[in-house]
Number of protein chains: 2
Amino acid sequence: MTYSIGQVAEKTGLSTYTLRYYDREGLMPFVKRTPSGRREFTDDNLDFLDLITCLKDTGMQLSEIRHFVELAMQGDSTLETRLNIFKQQQQAVHDQIAQAKQHLAKLDYKVRFFTAACDAGTEAAVSGDCELPGQPIVIDESLRVKKAHPRLNSF
Amino acid sequence: MTYSIGQVAEKTGLSTYTLRYYDREGLMPFVKRTPSGRREFTDDNLDFLDLITCLKDTGMQLSEIRHFVELAMQGDSTLETRLNIFKQQQQAVHDQIAQAKQHLAKLDYKVRFFTAACDAGTEAAVSGDCELPGQPIVIDESLRVKKAHPRLNSF
DNA sequence: CTAATAGTTAGAGTGTACGCTAACTCAAGC
DNA sequence: GCTTGAGTTAGCGTACACTCTAACTATTAG
């Protein structure tokens with residue numbers, strides 16, 4: 001089974017522009033052509049494209065991916081180099097997840113803070129917009145704003 | 001305590017170019033100036049800048065961040081809108097982490113696969129480069145390559 | 001046979017987020 | 001008062017990853 005560039009675009013969500021661009025950039029030297037010059041993607045090609053997408057989505061630049069593809073085309077002599085690339089990328093994703101979790105802690109705090117602020121009607125009543133994500137949120141009742149909640153039948 | 005743009009650059013790791021760029025783009029309308037026009041960052045400013053960095057690093061575009069900053073400058077009337085922005089970004093980071101974990105599973109599989117391939121000396125001996133991350137890696141011993149491990153004293 | 005559809009290349013254009021330079025001003029130390 | 005270093009704006013340049021156009025060719029349905 002083979003696929004045209006349009007079918008691959010549909011399957012992967014990448015545009016045909018992007019697929020041709022990747023090909024031009026040397027990311028897909030393995031894709032064969034019909035006698036008239038059209039690209040014919042195999043299932044193996046799609047698997048490899050999936051790997052390329054994985055590398056790209058985890059922050060690898062296209063130039064680095066091209067380098068990896070070149071190594072892969074050279075066969076078994078580059079096995080160790082490729083293993084090291086995967087190990088490196090594995091570590092990179094670990095770091096990314098750790099960073100994302102830190103950002104998430106901050107956002108969690110902000111959600112708690114602004115939920116309290118919405119409740120109080122004002123930021124001023126909510127204690128400490130500080131960097132400690134575990135800090136309890138406290139509302140100063142004396143600063144609470146009596147909010148005229150707009151209602152559908154309010155006039 | 002206030003900080004010059006150079007001190008802020010050192011503290012945050014952002015370049016002075018970037019800080020001025022952010023200011024021009026309306027991301028820091030809260031930073032005051034000395035009579036001669038120099039920026040004076042307060043500790044509160046640094047906290048807010050930290051939040052901006054958090055939003056940017058979690059994928060929010062500068063134009064969206066500017067919108068958020070504009071809302072923040074408008075005060076309590078935009079509390080709910082800002083809460084919703086944080087909730088949305090919180091969800092976005094959850095999704096990012098989930099995606100990163102999927103990518104990581106793939107990379108973990110690749111590391112196991114190429115570790116086996118390095119051991120066997122050839123990719124051909126290793127079973128199924130398939131998409132199942134839990135698949136056990138098997139080496140076909142009949143295809144194993146006797147590798148002449150280069151030694152320091154090998155000649 | 002023809003029209004519609006989908007493919008091809010070369011190359012120009014776009015959006016985002018900076019990075020850098022030029023020309024200038026300001027503040028502090030000697 | 002003069003040098004040094006750090007600040008200022010305006011605006012041009014750049015890297016990356018697309019995105020699209022033009023001009024053309026090939027395949028397929030009727």
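FYI, side chains are in, hydrogens and waters are out, and symmetry mates aren't considered; it's all heavy atoms of this structure. In the text below, chain A, chain B and the rest are named by the order of the sequence lines, each starting its count at 1.
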Original post:
How does protein contact run along nucleotides 19-27 of chain D, one letter per nucleotide 5' to 3', with B for base contact, S for sugar-phosphate only, - for none, heavy atoms under 4.0 Å?
Top reply: BBB----BS
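Residue B/Arg39 is classed as a sugar-phosphate contact, given heavy-atom separations below 4.0 Å to backbone atoms only. Residue-level contact check: A/Gln61 touches the backbone only, with heavy atoms under 4.0 Å from sugar-phosphate atoms and none from bases. Nucleic acid contact for B/Ser63: none, since no nucleic acid atom lies under 4.0 Å from a heavy atom of the residue. Residue B/Thr16 is classed as having no contact, given no heavy-atom separation below 4.0 Å to the nucleic acid.
Counting to the nearest Å, the P atom of D/dC16 and the CD atom of A/Glu25 are 10 Å from each other. In this structure, CZ of B/Arg20 is placed 16 Å from P of D/dG11, rounded to the nearest angstrom. In this structure, CG of A/Leu55 is placed 16 Å from C1' of D/dA17, rounded to the nearest angstrom. Following rounding to the nearest Å, A/Asp23 (CG) and D/dA17 (P) show an atom-to-atom distance of 16 Å.
By the ring pair (Phe, Tyr, Trp, His ring centres under 6.0 Å) test, B/Tyr3 pairs with no residue at all, sequence neighbours left out. Partners of A/Tyr17 under the ring pair (Phe, Tyr, Trp, His ring centres under 6.0 Å) rule, at least two apart in sequence or in another chain, do not exist in this structure. B/Gln96 is linked by a side chain to side chain donor-acceptor pair (under 3.5 Å) to nothing, counting only residues two or more places apart in sequence or in another chain. Considering only residues two or more places apart in sequence or on other chains, A/Phe68 meets the ring pair (Phe, Tyr, Trp, His ring centres under 6.0 Å) condition with A/Phe86.
Pairs passing the salt bridge (charged side-chain N to carboxylate O under 4.0 Å, His left out) check and including a residue from residues 84-102 of chain A, sequence neighbours excluded, do not occur. Within the structure, salt bridge (charged side-chain N to carboxylate O under 4.0 Å, His left out) pairs that include any residue of residues 13-37 of chain B comprise B/Asp23-B/Arg33, B/Asp23-B/Arg39, B/Glu25-B/Arg66 (at least two apart or interchain).
Put simply, chain B comes within 4.0 Å of DNA chain C, heavy atom to any atom, from C/dT16 to C/dA27, going 5' to 3'.
Nearest-nucleotide positions on DNA chain D place B/Gly37 closer to the 5' end than the other of B/Gly37 and A/Leu62.
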Using residues 69-76 of chain A as the side-chain source, report each donor-acceptor pair under 3.5 Å to any protein atom, sequence neighbours left out, with the distance given to one decimal.
{"unit_1": "A/Asp76", "atom_1": "OD1", "unit_2": "B/Glu123", "atom_2": "N", "d": "3.0"}
{"unit_1": "A/Asp76", "atom_1": "OD2", "unit_2": "B/Thr122", "atom_2": "OG1", "d": "2.4"}

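In this structure the side chain of A/Met1 never reaches within 4.5 angstrom of the side chain of A/Phe41, judged on heavy atoms.
A donor-acceptor pair is defined here as one N or O able to donate and one able to accept, closer than 3.5 Å; such a pair exists between the side chain of B/Gln7 and the backbone of B/Ser4.
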